[in-house]
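All remarks here apply to the structure that follows.
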There are 2 protein chains.
Amino acid sequence: MAGPTNTQFSVAVHVLTYLAGMPHDAVSSDQLAGSTGTNAVYVRRVLGRLRDAGVVVSRPGPGGGWQLEHAPAEITLGDVWRVVQEGSTIFGLHAVEPACPVGASIAATLTELDTRLTQSVEAELDRTTVADVMPVGALPEARAAAARA
Amino acid sequence: MAGPTNTQFSVAVHVLTYLAGMPHDAVSSDQLAGSTGTNAVYVRRVLGRLRDAGVVVSRPGPGGGWQLEHAPAEITLGDVWRVVQEGSTIFGLHAVEPACPVGASIAATLTELDTRLTQSVEAELDRTTVADVMPVGALPEARAAAARA
DNA sequence: TAATTCGTAGTCGACATGATGACGATTAAA
DNA sequence: TTTAATCGTCATCATGTCGACTACGAATTA
């Protein structure tokens, strides 16, 4: 039983970490796609939502690209999760007939349970920031900048 | 962004709750499929794993079917989750090149994070049992039997 | 004006999920 | 012993999602 095939969260964290390592330059979608082993359109789709959420900014034209809007230590993985996985649930719910008492009871319980699980997951993710994911030792200047902010 | 389409956990909980309501009779896959709005083969696949885990028993032949192996109050949803979602992860991981320091750091962090999230989710699920999902007021005899065991 | 980059729509293949049909093995009951 | 019900499992199919890819327009800078 394979896990989820949705890699948007994983790619988002990768890209944000990359941007955290280049605090002074805008990075193009093509460059980020190369770094993550995906493609530019996909990167733009993921980053587009993060831009709408105020996590990154984008600039078109030559020398344009993407940059973090905030310091890496101020972006939690919970923030990223909420943006990227918006509206998704931890487990799926099969269709139930409203007439079935068992089905109705289960639907209510599982829905409430999923809410609790989501909160639990987000709380755990909020304990880690983008700065925590940056490679130790590499890019000392970037780490210093992250710490300063 | 749709959630997971995997309904096995949801169907498993539904079926177990149904069985908890019929403590004296074996229930056929066909009947359970009708109750869950799925089909018999699918029910057998899900219940087959739960039987291997010692949660339910099956008997072939006329009058055969499925029954709970333990009292509903002794089966936590965490037990069901561990059986049904075995090997799955909370979030997907995109492929990373081992040569990339950012990628390696991220892979390690996310893998460890996923372990923590899984534990967190299972702990939350362990707080609810099949008996807790049974409809209140309905099937008083079954609830009494669940309480006795 | 030319070049670069984002924004977005559309299409495509790969893959997972469930539904369905088929058929043999097992078991209870007539 | 025969019959019917049921599980066990395989194969196949339809559907939906995900992500790659192409294409083209808009925005911006040099």
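In what follows, chains carry the letters A, B, and so on, assigned in the order in which the sequence lines appear, proteins first and then strands, with residues in each chain numbered from 1. Below, each value reflects all heavy atoms present in this structure, side chains not excepted, and no hydrogens, waters or symmetry copies.
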*Pairs in or reaching into residues 50-66 of chain B: which pass salt bridge (charged side-chain N to carboxylate O under 4.0 Å, His left out), with residues at least two apart or in two chains?*
none

*Indicate whether any N or O donor in one side chain lies under 3.5 Å from an N or O acceptor in the other, for Thr36(A) and His14(A).*
no

For nucleotides 2-5 of chain C, list the nitrogen or oxygen atoms of the protein found under 3.5 Å from its nitrogen or oxygen atoms, one pair per line.
{"from": "dT5(C)", "atom 1": "O4'", "to": "Gly61(A)", "atom 2": "O", "distance (Å)": "3.4"}

*Taking only the side-chain nitrogens and oxygens of Gln8(B), find out if one of them lies under 4.0 Å from OP1 or OP2 of dT17(C).*
no

*Rounded to the nearest Å, what distance is computed from the CG atom of residue Leu32(A) to the P atom of nucleotide dG7(C)?*
12 Å

*Geometric class of the Trp81(A)/Phe9(A) ring pair [parallel <30°, tilted 30-60°, perpendicular >60°]*: perpendicular

Write out a two-atom table: protein N or O, nucleotide N or O from nucleotides 11-15 of chain C, distance below 3.5 Å.
none

Contacts under 3.5 angstrom, residues 41-48 of chain A side chains, donor-acceptor by atom type, not counting sequence neighbours:
{"from": "Tyr42(A)", "atom 1": "OH", "to": "Thr7(A)", "atom 2": "OG1", "distance (Å)": "3.4"}
{"from": "Arg44(A)", "atom 1": "NE", "to": "Ser29(A)", "atom 2": "OG", "distance (Å)": "3.3"}

_Is there a side-chain contact between Tyr42(A) and the phosphate of dA20(D), meaning an N or O under 4.0 Å from OP1 or OP2?_
no

*Spacing of Gln85(B) atom CD relative to dA16(C) atom P, expressed in whole Å*: 15 Å

*Name the closest nucleotide to the Val41(B) side chain, picking from dA9(C), dG21(C), dG19(D).*
dG21(C)

*Would you indicate which nucleotide in dT22(D), dG19(D), dG8(D) comes nearest to any side-chain atom of Ser58(B)?*
dG8(D)

*Scan residues 89-113 of chain B for pairs that pass salt bridge (charged side-chain N to carboxylate O under 4.0 Å, His left out), counting only residues two or more places apart or in two chains.*
Glu112(B)-Arg116(B)

*Should Asp132(B) and Thr109(A) count as side-chain neighbours, where that means a heavy-atom distance under 4.5 Å?*
no

*CG of Asn39(B) versus P of dT17(C): gap in Å, rounded?*
15 Å

*Do the non-hydrogen side-chain atoms of Val130(B) and Val13(B) ever get within less than 4.5 Å of each other?*
no

*asked:* Measuring to OP1 and OP2 of dG18(C), would you say a side-chain N or O of Asn6(B) lies under 4.0 angstrom away?
replied: yes

*List for me each residue that meets side-chain hydrogen bond (donor to acceptor under 3.5 Å, both in side chains) alongside Asp126(B), sequence neighbours excluded, and say none if there are none.*
Thr76(B), Arg82(B)

*dT17(D) C1' sits how many Å from Phe9(A) CZ, rounded?*
20 Å

*Whole-Å distance separating the CZ atom of Arg49(B) from the P atom of dG8(D)*: 15 Å

*Distance from Thr89(B) atom OG1 to Leu93(B) atom CG, nearest 0.5 Å?*
8.0 Å

*Ignoring the backbone of Thr7(B), work out which of dG8(D), dG19(D), dG18(C) is nearest its side chain.*
dG18(C)

